[in-house]
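The structure appears right after this line, and notes come after that.
Since this is a predicted model, take the numbers as computed values, not measurements. Order of the sequence lines fixes the chain letters, A, B, ..., with proteins taken first and strands second; residue numbering starts at 1 for each chain.
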Amino acid sequence: SAVISQKPSRDICQRGTSLTIQCQVDSQVTMMFWYRQQPGQSLTLIATANQGSEATYESGFVIDKFPISRPNLTFSTLTVSNMSPEDSSIYLCSVRQGAGAQGYTFGSGTRLTVV
Amino acid sequence: GENVEQHPSTLSVQEGDSAVIKCTYSDSASNYFPWYKQELGKRPQLIIDIRSNVGEKKDQRIAVTLNKTAKHFSLHITETQPEDSAVYFCAAKMNRDDKIIFGKGTRLHILP
């Protein structure tokens with residue numbers, strides 16, 4: 001199965017600043033997904049990162065707030081822009097697990113605290 | 001879009017007893033239903049999944065059943081053990097895209 005390296009694992013940021021989260025996969029994957037998990041809550045899909053095209057955002061999430069890059073089939077970044085305390089959350093990337101497999105694997109997550 | 005409902009939100013069972021978590025989905029085009037286990041401070045881990053052309057799947061103490069007509073699926077854990085304590089999420093994927101939509105989760109407590 002695919003192995004995902006996500007960083008940073010955690011950060012404490014000042015409001016109004018931006019943080020870029022990186023996900024590196026050890027194999028080529030067509031799609032990468034970015035999720036947010038607020039404390040004690042479920043996983044909410046932010047966007048799907050497509051290689052070679054703009055990301056597809058879910059309702060309630062916009063590119064200006066969460067710009068995503070996908071420069072190749074093994075790497076993606078999510079930026080949380082102009083942060084406020086409400087952005088404090090865990091952010092996770094996910095990829096489909098292996099060629100042809102239906103399962104999805106998650107990165108270890110980035111715990112973001114905005115103060 | 002797809003909507004996944006999950007219940008109960010919290011479940012406590014005696015060690016050795018069985019636990020059942022139920023989910024319903026809204027989009028009849030959904031064709032894949034994974035279950036994830038998330039321990040405190042860790043990433044979600046896939047524990048079992050089922051495709052829409054199968055009614056039941058079992059892996060040791062864990063089983064999942066799917067009723068396509070009723071659009072609901074369930075996770076069954078038998079002979080529960082302390083290490084089964086965690087949050088469990090059901091999810092659904094539609095055939096026309098690759099995204100997974102999650103239920104709100106069930107916090108399972110295994111009581112000694």
Side-chain angles (χ1 to χ4, degrees), chain A residues 1-7 9-10 21 23 25 29-51 53 55-61 68 70 73 89-111 113, chain B residues 1-10 21 23 25-27 30-54 57 59 62 64 66 73 86-109:
Chain A
S1 61
V3 175
I4 305 173
S5 299
Q6 183 174 344
K7 59 181 182 181
S9 58
R10 59 179 63 231
I21 302 166
C23 269
V25 190
V29 293
T30 304
M31 293 203 176
M32 295 179 74
F33 306 89
W34 288 97
Y35 286 86
R36 181 174 73 184
Q37 186 174 29
Q38 295 178 310
Q41 303 296 315
S42 184
L43 293 92
T44 301
L45 182 63
I46 297 171
T48 302
N50 309 303
Q51 196 272 330
S53 63
T56 304
Y57 289 83
E58 297 300 306
S59 175
F61 297 96
I68 286 172
R70 183 81 199 275
L73 292 175
S89 189
I90 297 173
Y91 294 85
L92 301 108
C93 61
S94 176
V95 303
R96 174 175 283 196
Q97 185 172 298
Q102 294 274 12
Y104 291 70
T105 300
F106 284 87
S108 54
T110 297
R111 183 180 296 274
T113 303
Chain B
E2 177 66 281
N3 184 47
V4 179
E5 300 286 338
Q6 181 173 349
H7 59 95
S9 57
T10 305
I21 301 170
C23 289
Y25 60 98
S26 60
D27 195 324
S30 294
N31 66 346
Y32 172 65
F33 307 92
W35 286 87
Y36 286 84
K37 175 183 180 182
Q38 187 175 33
E39 297 175 328
L40 188 63
K42 297 189 176 180
R43 75 189 83 186
Q45 297 278 4
L46 177 70
I47 57 171
I48 195 168
D49 55 12
I50 191 168
R51 301 186 187 192
S52 58
N53 59 348
V54 176
K57 183 178 178 180
D59 182 4
I62 295 173
V64 57
L66 171 65
F73 56 114
V87 179
Y88 292 81
F89 294 99
C90 63
K93 182 184 87 70
M94 290 184 287
N95 188 39
R96 62 177 175 271
D97 60 36
D98 276 342
K99 55 187 183 182
I100 297 285
I101 303 300
F102 285 82
K104 292 192 181 301
T106 297
R107 186 171 298 276
L108 176 63
H109 299 276

Query raised in the report: Which bit of Q45(B) comes within less than 4.5 Å of chain A, counting heavy atoms only: side chain, backbone, both or neither?
Result: neither

Query raised in the report: Which atoms of E58(A) come close to chain B, meaning under 4.5 Å heavy atom to heavy atom: side chain ones, backbone ones, both, or neither?
Result: side chain

Query raised in the report: Distance from S42(A) atom OG to Q38(B) atom CD, nearest 0.5 Å?
Result: 8.5 Å

Requested in this report: Determine the minimum heavy-atom distance between R111(A) and G41(B), stating which atoms define it.
Outcome: NH2-CA, 4.5 Å

Query - Distance-minimising heavy-atom pair for Y104(A) and K93(B) - result: OH-CD, 3.2 Å

Query - Residues forming a side chain to side chain donor-acceptor pair (under 3.5 Å) with W35(B), sequence neighbours excluded - result: none

Requested in this report: Drop me the distance from T105(A)'s OG1 to L46(B)'s CG, to the nearest 0.5 angstrom.
Outcome: 7.5 Å

Query raised in the report: Which value, rounded to the nearest 0.5 Å, describes the distance between N50(A) atom CG and D98(B) atom CG?
Result: 9.5 Å

Query raised in the report: Using the ring of each side chain (for Trp, its six-membered ring), is Y35(A) parallel, tilted or perpendicular to F102(B), with breaks at 30° and 60°?
Result: perpendicular

**Report entry** Closest heavy-atom pair and its distance - F89(B), Q37(A)
**Finding:** CZ-NE2, 3.6 Å

Report task. Pick one of side chain, backbone, both or neither for L43(A), based on which atoms fall under 4.5 Å of a heavy atom in chain B. Result -> both

Query raised in the report: Contact part of P44(B) toward chain A, heavy-atom cut-off under 4.5 Å: side chain, backbone, both or neither?
Result: both

